[in-house]
Amino acid sequence: MAAAPLDVMASVLRDATCHLLDGLITGWAADLLTEEEHYRAQGTGEISAAAAATFILRTTLEDSPLYQRAGYDMLSITKTGSHTAIHICWAMVEAAPLLLPDKDATAYDDLVRRSLKQVVPLSMASLGMLVHYMEASGIEPHDGLAIHLLPKDQTAFVLDEAGLICLNPEPITRFAKPEERHYTGCPAFYTPGFIKLYLDIVASIAMDYGVYDRLRDR
């Protein structure tokens with residue numbers, strides 16, 4: 001990894017992080033379904049809050065035209081949203097040296113972690129709005145694969161008055177198709193624990209593999 005070109009290293013780390021999350025999410029979903037089946041097999045009508053929530057969420061997704069059209073189920077939508085969230089976290093890591101040159105890795109790690117709350121507004125966007133935002137701000141790659149290094153000419157991330165990384169509001173465009181009345185944002189951003197976990201994973205990997213030092217010299 002140390003000998004690999006920066007763009008290759010970034011691609012491998014982004015891809016590997018998604019595979020790691022896929023394993024964690026699959027295990028989580030399997031445990032929830034096992035818990036639900038456990039109570040169903042008892043036949044007493046008793047059920048835990050987690051099992052009840054799993055049942056309601058799964059049936060809601062199965063019956064919802066919003067999700068049926070895209071072929072989503074509980075597992076796929078969680079993975080899709082999680083992949084989006086993890087790549088946004090990587091983009092924040094990669095943006096830090098671009099926005100604030102000549103700092104050390106510890107300073108960048110602190111900056112990224114303190115800037116976590118600044119990405120929460122992404123939860124208010126529909127998937128279409130999010131994709132449009134990424135395209136308009138230069139962080140959506142030409143091939144649509146989110147494994148590429150954040151380009152130097154990106155305009156999605158800027159520094160606010162407090163010196164934290166925040167989203168640039170200028171590329172935001174509100175839109176909806178004529179037949180659309182509902183929209184959904186990225187599920188991973190709705191739950192603070194999810195996005196914090198993802199940022200912890202990304203930030204820790206960035207420190208372990210010397211990503212900030214490589215990015216500072218790009």
Q) For the hydrophobic clusters of this structure (ILVMFWY residues joined by side-chain heavy atoms under 4.5 Å, transitively), does one cluster hold both Ile47 and Leu33? A)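 No, separate clusters.
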Q | Tyr108-Leu164 co-clustered via ILVMFWY side chain contacts under 4.5 Å | A |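 Result: yes, single cluster for both.
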(Q) With a 6.0 Å cut-off (strictly less than), is the heavy-atom count around OH of Tyr39, excluding the residue itself, greater than 12? (A)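 Above 12, so yes.
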Q) Do Thr34 side-chain atoms and Ala30 backbone N/O form a donor-acceptor pair below 3.5 Å? A)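 Between the backbone of Ala30 and the side chain of Thr34 there is a qualifying donor-acceptor contact (under 3.5 Å).
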Q.
Treating Tyr133 as the side-chain partner and Ala156 as the backbone partner, does any N or O pair qualify as donor plus acceptor under 3.5 Å?
A.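 Checking the backbone N and O of Ala156 against the side chain of Tyr133, a donor-acceptor pair under 3.5 Å is found.
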With rounding to the nearest 0.5 angstrom, report the [atom1] to [atom2] distance, [X] to [Y].
X      : Y      : atom1 : atom2 : answer
Leu149 : Ser11  : CG    : OG    : 9.5 Å
Ile88  : Leu167 : CD1   : CG    : 7.5 Å
Leu197 : Ile201 : CG    : CD1   : 4.0 Å

Compile the donor-acceptor pairs under 3.5 Å between side chains in residues 96-105 and protein atoms, sequence neighbours left out, one pair per line.
unit_1: Asp104; atom_1: OD1; unit_2: Thr106; atom_2: N; d: 3.3
unit_1: Asp104; atom_1: OD1; unit_2: Ala107; atom_2: N; d: 2.8

Q: Using side-chain contact (heavy atoms from CB on, under 4.5 Å) as the criterion, list what pairs up with Met9, not counting sequence neighbours.
A: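 Applying side-chain contact (heavy atoms from CB on, under 4.5 Å) to Met9 gives Met1, Leu6, Leu13, Val211, Arg214.
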Q) Who pairs with Pro169 by side-chain contact (heavy atoms from CB on, under 4.5 Å), at least two apart in sequence or on another chain? A)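 side-chain contact (heavy atoms from CB on, under 4.5 Å) check on Pro169 returns Ile172.
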Would you be so kind as to tabulate the donor-acceptor pairs closer than 3.5 Å made by side chains of residues 20-29, with sequence neighbours excluded?
unit_1: Asp22; atom_1: OD1; unit_2: His83; atom_2: NE2; d: 2.8
unit_1: Thr26; atom_1: OG1; unit_2: Asp22; atom_2: O; d: 2.8
unit_1: Thr26; atom_1: OG1; unit_2: Lys79; atom_2: NZ; d: 2.9

Q.
Could you work out, with side chain to side chain donor-acceptor pair (under 3.5 Å) as the rule, every residue matching Gln42, not counting sequence neighbours?
A.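 Here the qualifying residues are His38.
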(Q) Tell me every residue that passes side chain to side chain donor-acceptor pair (under 3.5 Å) with Glu170, counting only those two or more places apart in sequence or in another chain. (A)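 Side chain to side chain donor-acceptor pair (under 3.5 Å) list for Glu170, sorted by chain: empty.
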Hey, could you give me each pair passing side chain to side chain donor-acceptor pair (under 3.5 Å) that has a residue in [range]? Not counting sequence neighbours.
range            : value
residues 199-213 : Arg113-Asp200, Lys196-Asp200, Asp213-Arg216
residues 148-163 : Asp143-His148
residues 48-58   : Glu35-Ser48, Glu36-Arg58
residues 87-97   : Arg14-His87, Arg14-Glu94, Thr17-Trp90

[X] versus [Y], closest heavy-atom pair with distance:
X      : Y      : value
Ile165 : Ser115 : N-OG, 2.9 Å
Gly138 : Pro151 : O-CG, 2.9 Å
Cys18  : Ile86  : SG-CG2, 3.3 Å

Q) Taking only residues two or more places apart in sequence, or in another chain, which ones meet Glu135 in a salt bridge (charged side-chain N to carboxylate O under 4.0 Å, His left out)? A)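 With sequence neighbours excluded, Glu135 shows a salt bridge (charged side-chain N to carboxylate O under 4.0 Å, His left out) to no residue whatsoever.
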Q: Considering only Ile, Leu, Val, Met, Phe, Trp and Tyr, and joining two whenever side-chain heavy atoms are under 4.5 Å apart, list the other residues clustered with Val158.
A: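 Answer for Val158: none, a lone residue.
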